[in-house]
Undergrad: 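Sharing a structure, written as C-alpha cells. Questions coming.
Residue numbers start from 1 in every chain, and the chains themselves are labelled A, B, ... in the order their sequence lines are given, proteins ahead of strands.
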Amino acid sequence: NAGVTQTPKFQVLKTGQSMTLQCAQDMNHEYMSWYRQDPGMGLRLIHYSVGAGITDQGEVPNGYNVSRSTTEDFPLRLLSAAPSQTSVYFCASGKAGMNTEAFFGQGTRLTVV
Amino acid sequence: SQQGEEDPQALSIQEGENATMNCSYKTSINNLQWYRQNSGRGLVHLILIRSNEREKHSGRLRVTLDTSKKSSSLLITASRAADTASYFCATMYSSASKIIFGSGTRLSIRP
C-alpha cells in the first residue's frame, strides 16, 4: 500500500523561486494537511483541508498556498521562496471526523539558498 | 504558539526502565494523540485518547488524560533500545478539525 506519498524527497531552491511540493494519498481520506518541522522542533501546521474544494489556514500559512481539487491530492505551493522556509515538510492525511489519526508521508527536505 | 507543550524536552534512561513524558495544552479538545518519530522520518501514530476518557492502554504504552488540568502523560514501560525516538503529543481542537502538535520529547534508551 502506498499510503501518503510526497515528492520530491529533497529540493534546493534559490531565493525568490517558486515550486510545488506534491502530496498524494490512496486511502480515500478526507482530511489532509501540511506541516513544517524545523531542526529540533515540533511540527507546525501550515494549511489543512477537510475535503475537496475546502482548505483552511493553520499556524504558519504565510508564504504558502494550497488547493484541493481532488480527494487524493493536496499540493503545497511556495510562491517566492525565502531562506526562512528551509525546513522539512510533512504531508499527512486522515479520515473525516473528530477522532482522526494522521498518517504521514516521509517528508520533503527543502533548502532555500 | 503551539497547542501542546511537552516535558521534558529530552529524557535518557536505562533499558528496561519506564519512561514518562508529559504534555500540556491550552484549549478545549476533542482528543489527544501521541506520535513517534524516528530520526527525522515521518511520524507514526501510537495512541488516541478521547476527551471523555481518562486512561488508555496499548501494549507497553499507557496514556492518561486530565482535562481539568489540560494535561496528558505517556508512559512507556520496560523500555527497549528501539524506543529511542522523539515523541509528540497532538491535539484536535473542539472548534476545528485540525491536529496541532507539541514540541516533542527526545527519548534515548541506554543499553
Undergrad: ring-ring contact (aromatic ring centres under 6.0 Å, His included): which pairs involve residues 60-92 of chain B, sequence neighbours left out?
TA: none
Undergrad: Any link between A/Val4 and B/Tyr35 through a network of hydrophobic side chains (Ile, Leu, Val, Met, Phe, Trp, Tyr) touching at under 4.5 Å?
TA: no
Undergrad: Take A/Glu59 and B/Ile100, measure what side-chain contact (heavy atoms from CB on, under 4.5 Å) needs, and give me the verdict at the end.
TA: CA-CA 9 Å; A/Glu59 302 170 282; B/Ile100 302 296; 3.6 Å; yes
Undergrad: Give the cluster check for A/Ile46 versus A/Leu78: same hydrophobic cluster or not, with ILVMFWY residues linked at side-chain heavy-atom distances below 4.5 Å.
TA: yes
Undergrad: Check whether any side-chain heavy atom of A/Phe90 sits under 4.5 Å from a side-chain heavy atom of B/Gln37, and report yes or no.
TA: yes
Undergrad: Nearest 0.5 Å, please: how far is CZ in A/Arg44 from OG in B/Ser103?
TA: 12.0 Å
Undergrad: At under 4.5 Å between heavy atoms, what parts of residues 42-69 of chain B are in contact with chain A? List them by residue number.
TA: B/Gly42, B/Leu43, B/His45, B/Leu48, B/Arg50
Undergrad: Side-chain heavy atoms nearer than 4.5 Å, only ILVMFWY residues, links allowed to pass through others: does that put A/Met32 and A/Val60 together?
TA: yes
Undergrad: Less than 4.5 Å to any heavy atom of chain B: does that hold for the side chain of A/Glu30, its backbone, both, or neither?
TA: neither
Undergrad: Do A/Leu45 and B/Phe101 sit in the same hydrophobic cluster, where Ile, Leu, Val, Met, Phe, Trp and Tyr count as joined when their side-chain heavy atoms come under 4.5 Å apart?
TA: yes
Undergrad: Using a 4.5 Å heavy-atom cutoff, which residues in residues 99-113 of chain A come close to chain B?
TA: A/Asn99, A/Thr100, A/Glu101, A/Ala102, A/Phe104, A/Gly105, A/Gln106
Undergrad: What residues of residues 65-76 of chain A sit under 4.5 Å from chain B when only non-hydrogen atoms are counted?
TA: none
Undergrad: A/Gln6 versus chain B, heavy atoms under 4.5 Å apart: side chain, backbone, both or neither?
TA: neither
Undergrad: Using the rule that two of Ile, Leu, Val, Met, Phe, Trp, Tyr join whenever any of their side-chain heavy atoms come within less than 4.5 Å, decide whether A/Leu13 and A/Val88 are in one cluster.
TA: no
Undergrad: Quick check: does any side chain N or O of A/Tyr31 sit under 3.5 Å from a backbone N or O of B/Ile99, one acting as donor and the other as acceptor?
TA: yes
